[in-house]
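These numbers were taken from a predicted model, which means no experiment stands behind them. Numbers restart at 1 for each chain; the letters A, B, ... are given by sequence-line order, proteins then strands.
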2 protein chains.
Amino acid sequence: MTKRSDQVTDALKQLITEHKLKPGDRLPQEKELTEQFAAAKGTIREALKALETQGLIITRTGPGGGAFVADVPPDRAMSLLANYFYFKDITIHDIYQLRVNLEPELAASVVGRLSEDDFRRLQTTMTIYDAPPTNQSEEHAQRLAELSFHEVLVDLCPNPILSFTCHFLLGLLKNLRLCHDIYDLPNPALWETGRHYQMQLLGALKRESEPEVRRIMREHMVRAEALMQAQETIVLDQFLASPRARKGG
Amino acid sequence: MTKRSDQVTDALKQLITEHKLKPGDRLPQEKELTEQFAAAKGTIREALKALETQGLIITRTGPGGGAFVADVPPDRAMSLLANYFYFKDITIHDIYQLRVNLEPELAASVVGRLSEDDFRRLQTTMTIYDAPPTNQSEEHAQRLAELSFHEVLVDLCPNPILSFTCHFLLGLLKNLRLCHDIYDLPNPALWETGRHYQMQLLGALKRESEPEVRRIMREHMVRAEALMQAQETIVLDQFLASPRARKGG
DNA sequence: AGATATTTGTTCGTATGTATT
DNA sequence: TAATACATACGAACAAATATC
């Protein structure tokens, strides 16, 4: 038997779609809902909480307050999706199999859409890894900055699905345990090639040459995957070896 | 000030990650949680409801019952993500920009992994659109069956991210209002080419020729996009024209 | 099969916090 | 400042589901 609160959740969702409610529109108050659904406050609140965690509504207290339909924030959508992958173990190849094919599209989709300000943003992020890193934490920071170059493209991409997917993949690279371990290893080649390709990419974007943008980004991704995978094997070997090593003293 | 129930939600999430709880493991009971967090029952229940909505836990009543860590079901992850795109208007090109680049990878990733039974499944789905459709509802059904061909590939794909993304795109094609409208239009070319490419694909999969599989699937997607886009313009024109037409009688 | 114990699910009444007027 | 309207939180009781004996 489905729970009463879940029934209310579904009913409220239907109410939103049927009445074509838009972000900002208000739902009935808790008191009204208790009457409409003949359910107690607690039950109604659980139903609203479900919608709130989905990002579909936000609630405000005080006069004129209540539950308001909301645009799901990208961050929330990303963390909800990240939950799905939490118990699967993701490999570098899993991530780059998508990046190799999608990042070129992403870059191509912004050709001719960059303002002077956008170019400055790209150039600014590149200055962070202008010089080779001197210590480990600096190297770690540079890796994250390198990713933010791609986040600028994500912001400008007109395709919401492509943009979100690439953004999510960047989130995995930023947050996954495996990736943190990889970033902790020194990797001058990764710094060198990342810098190299992004310089080339910036030029191609300025020339507004879509084929070149596509080609450069693809090469960039293929190269990055190879370098990351090399480190992945090291990290995984360490992981396999360490329990033994500890036991052995 | 952040809500008490949200604090509890975060604390419970942290508890799961820190104790490395895996699917099947139990969380403390409501009663214990009220004591541990010095919060009322309703507050605890709202926190648990948030985790339940995310698909991170399921709850069971009775002795030995409680909240159990769960693997997020793919369906739930998909519908949570679909919420994000609910208020964005997605175009055919948005969807196919990803499909053109990912479906070839998907197909390539299953080469050499198909059992006799899998081949039968593929062949069975193809029989549904063996003959040209005679009426509109039959045509609509065939379109959905055509998509289920790709769902077989999704099931076999070893890359969880690629598999999920392609699955999600199929979900959009199945559920989006725009796509339903498109499927309602007669389109013999779509039937013809879909059938054609899937026959070819089946052959290439049997020969285990990865380059061919990739090439055929890409052509299939490029062709499908063109046909779908042609219908998209018709549907959108209708949509723009219809208010006028109604008013005019 | 039926009684019982355990645990979540639901209800109601009340009190507190917060933002608007 | 005070009054008002709304969500948020507390606490006790009851209902429903389910495993065990």
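Between A:Phe85 and A:Phe168, a ring centre-to-centre spacing shorter than 6.0 Å is recorded.
A salt bridge does not link A:Glu52 to A:Arg45: none of the charged nitrogens lies less than 4.0 Å from a carboxylate oxygen. Electrostatic pairing of A:Lys49 and B:Asp6 counts as a salt bridge here, judged by a charged N lying under 4.0 Å from a carboxylate O. Ion pairing between a basic and an acidic side chain is recognised when a charged N comes within 4.0 Å of a carboxylate O; A:Arg121 and A:Asp117 show no such pairing.
Looking only at side-chain heavy atoms (C-beta outward), B:Val69 and A:Phe87 come within less than 4.5 Å of each other.
Looking at A:Arg4, its side chain never comes within 3.5 Å of a backbone N or O of A:Ala40 through a donor-acceptor pair.
In this structure, B:Lys88 satisfies the cation-pi test against B:Tyr84, with its NZ or CZ atom closer than 6.0 Å to the six-membered ring centre and inside 45 degrees of the ring normal.
OP1 or OP2 of C:dT10 has at least one side-chain nitrogen or oxygen of A:Ser5 nearer than 4.0 Å.
Nucleic acid contact for B:Ala67: none, since no nucleic acid atom lies under 4.0 Å from a heavy atom of the residue.
Regarding A:Arg60, its CZ atom lies at a distance of 8 Å from the P atom of C:dT20, rounded to whole Å. Between B:Glu35 atom CD and C:dT7 atom C1' there is a gap of 14 Å when expressed in whole angstrom units.
Summary of the strand contacts: A:Gly64 and A:Ala38 both lie near DNA chain C, and taking for each the nucleotide with the nearest heavy atom, the more 5' one is attributed to A:Ala38. Comparing B:Ala40 and A:Met1 by the nucleotide of DNA chain D that holds the closest heavy atom to each, the one mapping nearer the 5' end is B:Ala40.
When the nucleotides C:dG9, D:dC10, C:dT20 are ranked by their closest atom to the side chain of A:Lys3, C:dG9 comes out on top.
Of the residues in residues 41-59 of chain B, those placing a heavy atom less than 4.0 Å from an atom of DNA chain C are B:Lys41, B:Arg45, B:Thr59, in numerical order. Within a heavy-atom distance below 4.0 Å of DNA chain C, the residues of residues 23-33 of chain B found are B:Gln29, B:Glu30.
In A:Glu35, the CD atom is crowded: over 12 heavy atoms of neighbouring residues, nucleotides or ligands sit closer than 6.0 Å.
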